[in-house]
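Every number for a ligand or one of its atoms is a count from 1 in the order of the listing. Residue numbers start at 1 and run along the sequence shown.
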Amino acid sequence: MTDPLRIAVVGAGPSGFFLAEKLLGQDAIPVTADLYERLPTPYGLVRYGVAPDHEKIKNVTRSFDKLAARPGFRFFGNVEIGKEVTLDDLRAHYHLICFATGAPSDRRMGIPGEDLLGSHPATEFVAWYNGHPDYRDFQFDLSAERVAVVGVGNVAVDVARILAKSPDELAATDIADHALAELRRSKVKEIYLLGRRGAAQAAFTNPEVKELGELAGADVTAVPSEVALDPLSEAELAKEDDAATRKKIAILQDYARRERTGKEKLLTIRFLVSPVELLGDDRGQVRAMRVAKNRLVRGADGSLKAEPTGESEELPVGLVFRSVGYQGLPIPGLPFEQRRGLIPNEAGRALPGIYVSGWIKRGPSGVIGTNKPDAAETATTMLEDAAAGAMLAPSAGDIEPLLRSRQPDLVTWADWVKLNEVEARAGKAAGRSRVKLTRVNEMLAAIRK
Ligand code: NAP
């Protein structure tokens with residue numbers, strides 16, 4: 001019998017797991033899959049991106065855990081490709097390599113004042129409240145009463161909801177302790193969610209926007225003229241018989257009709273407004289945002305775009321989160337397409353023997369489940385190439401001894417299981433789903449205990 005093909009998957013987020021699941025779940029070509037992760041913890045955005053109050057979404061990790069118990073799977077945590085080991089090291093040890101490294105950075109608005117104090121990327125806030133070690137010491141001053149969240153995708157909705165909920169509502173979740181403490185001091189009373197196009201073009205999904213209307217401590221509202229269906233959007237909806245968008249409009253129009261019920265906070269969803277400048281006070285702190293009002297026009301490519309009407313308005317906000325999308329980062333040694341922030345590929349193949357899956361393959365869009373068919377496509381390409389003999393030609397055998405020599409604190413799956421138990425036990429004692437460790441040295445200490 002021939003030895004199994006050795007495959008390295010870099011990035012232990014949902015894409016990496018879905019890919020490993022596909023590769024190990026077939027028996028046409030015997031393979032082993034080593035899943036690399038820069039942090040000691042697996043699951044990527046499921047742990048550090050999914051909102052703490054969306055616990056059910058995290059159940060996807062159960063299938064990842066099942067996969068991890070299968071023969072042929074190994075987890076190598078606390079190993080950064082390009083630091084402890086290089087891409088050339090991987091080439092020397094594996095027949096096939098796949099990067100599933102996601103889109104860890106954020107897009108910018110590109111407006112004056114964007115870097116004033118109190119203006120942050122939503123991605124950093126999300127990583128911070130979810131206890132990502134890289135963001136552990138970031139500071140978010142929540143002493144402003146009015147906050148703007150720019151963008152109307154599901155990340156913007158998450159950020160608005162976390163700001164709108166009371167700390168007691170969040171206390172039972174696995175939100176990071178440092179974030180819960182800061183949210184307890186929060187003075188936020190009014191939250192604006194700002195969409196540059198119309199309500200029909202909002203990127204958020206219906207269950208997510210519906211949840212905003214059911215918050216215990218915040219009323220929700222919208223501006224009637226901004227959620228009225230315009231003729232261009234109406235024509236699109238009729239063409240595509242788009243029931244989900246019609247439902248979204250109905251939800252938003254219901255919000256626009258609602259009266260305040262005396263809840264402590266107010267969440268206002270705005271459309272057809274683009275931030276054009278953040279204004280600062282003499283300490284360099286955001287004090288307001290100037291927004292241009294827009295109308296919808298059909299762009300040259302046929303899509304509906306925002307065009308300024310010439311009118312503008314000033315929103316008196318002291319805190320701004322831009323939630324205008326994640327951004328992929330280049331990987332040394334691989335080509336990169338700057339504009340879309342991804343590694344150019346053909347059905348997952350980036351270079352001979354080197355593949356991509358997930359957000360670094362197609363850009364930062366779609367829910368967790370979207371990465372499953374995406375990973376299936378990459379797995380198919382990898383296995384077809386392997387069957388055709390188009391693979392790397394590794395000169396060395398098992399990589400583990402090299403990894404252990406370069407990273408004495410290599411984290412295996414058994415180590416993660418131990419760390420997981422420590423967090424779950426602390427959670428149980430505190431009446432919470434889990435208490436996350438948020439520093440790498442604390443994680444390693446818990447593992448070595
Ligand atoms: P997204 O869905 O792409 O939304 C980005 C938003 O930013 C859009 O409303 C976009 O408007 C707006 N935008 C972009 N550039 C802008 C600018 N310069 N000025 C003003 N607005 C601008 O991205 P995301 O919210 O980061 O989410 C990423 C993916 O993760 C999405 O597929 C999302 O559904 C998923 N996710 C899902 C959940 C969940 O299921 N609960 C939670 C979080 C994230 P335009 O449409 O006009 O470009």
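Of the listed options N154, T123, V159, N154 places a heavy atom closest to atom 38 (C) of ligand 1.
Heavy-atom proximity to S365, at under 4.0 Å, picks out these atoms of ligand 1: 32 (O). The ligand atoms of ligand 1 that sit less than 4.0 angstrom from a heavy atom of D158 are 42 (C), 43 (C). Near R197, meaning under 4.0 Å from any of its heavy atoms, are these atoms of ligand 1: 45 (P), 46 (O), 47 (O). Listed by atom number, the atoms of ligand 1 under 4.0 Å from P364 heavy atoms are 28 (C), 29 (C). Atom numbering of ligand 1 starts at 1 in the shown order; those under 4.0 Å from a heavy atom of R107 are 15 (N). Residue V152 approaches ligand 1 through these ligand atoms, each under 4.0 Å from one of its heavy atoms: 6 (C), 9 (O). Proximity to G325 (heavy-atom distance under 4.0 Å) selects the following atoms of ligand 1: 26 (O). Numbered from 1 in the order shown, with element, the atoms of ligand 1 that lie under 4.0 Å from a heavy atom of V367 read 40 (O).
Between F125 and Y135, the ring centre distance reaches or exceeds 6.0 Å.
Closest to atom 5 (C) of ligand 1 among all protein heavy atoms lies S323 O, 4.0 Å. The closest protein non-hydrogen atom to atom 27 (O) of ligand 1 is V155 CG2, 3.6 Å. Looking at atom 17 (C) of ligand 1, its nearest protein heavy atom turns out to be R196 NH1, 3.5 Å. Among protein heavy atoms, the minimum distance from atom 41 (N) of ligand 1 is reached at E208 OE2, 3.0 Å. The protein atom (non-hydrogen) at minimum distance from atom 22 (C) of ligand 1 is V324 CG1, 3.3 Å. In this structure, atom 12 (C) of ligand 1 lies nearest to the protein heavy atom G151 CA, 4.0 Å.
One finds no salt bridge joining K187 and E145 here, because no Lys/Arg side-chain nitrogen approaches an Asp/Glu carboxylate oxygen to under 4.0 Å. Taking the charged nitrogens against the carboxylate oxygens, E423 and R47 do have a contact shorter than 4.0 Å, which makes a salt bridge. Comment: R161 engages D158 in a salt bridge, judged by a side-chain N to carboxylate O separation of less than 4.0 angstrom. Remark: R108 engages D115 in a salt bridge, criterion side-chain N to carboxylate O under 4.0 Å. Between R258 and D219 there is no salt bridge, since no side-chain N of the basic residue sits under 4.0 Å from a carboxylate O of the acidic one. Salt bridge annotation for D168-R184: present, with a cationic side-chain nitrogen under 4.0 angstrom from a carboxylate oxygen.
When side chains are defined from C-beta on, L296 counts as touching S233, because their heavy atoms get closer than 4.5 Å. Contact annotation: the side chain of W416 approaches that of Y43 to within less than 4.5 Å [non-hydrogen atoms, C-beta and beyond]. Using a 4.5 Å heavy-atom cutoff, the side chains of L342 and V356 are not in contact. At a threshold of 4.5 Å between non-hydrogen side-chain atoms, the residues L319 and Q285 do not count as touching.
For atom 29 (C) of ligand 1, the nearest protein heavy atom is under 4.0 Å away. The presence of a protein heavy atom under 4.0 Å from atom 3 (O) of ligand 1 is ruled out.
Considering both main-chain and side-chain atoms, R108 never comes within under 3.5 Å of ligand 1 through any nitrogen or oxygen pair. Taking distance alone, with nitrogen or oxygen atoms compared against 3.5 Å, Y326 stays at or beyond that limit from ligand 1. Some N or O of G366 is nearer than 3.5 Å to an N or O of ligand 1, by distance alone. Looking at A156 next to ligand 1, no N or O pair under 3.5 Å apart turns up.
For E114 (side chain) and G110 (main-chain N/O), a donor-acceptor pair under 3.5 Å exists by modelled atom type.
Within the 4.0 Å heavy-atom shell around ligand 1 one finds W359.
Shown here is K372, whose NZ atom has no more than 12 heavy atoms of other residues, nucleotides or ligands within 6.0 Å.
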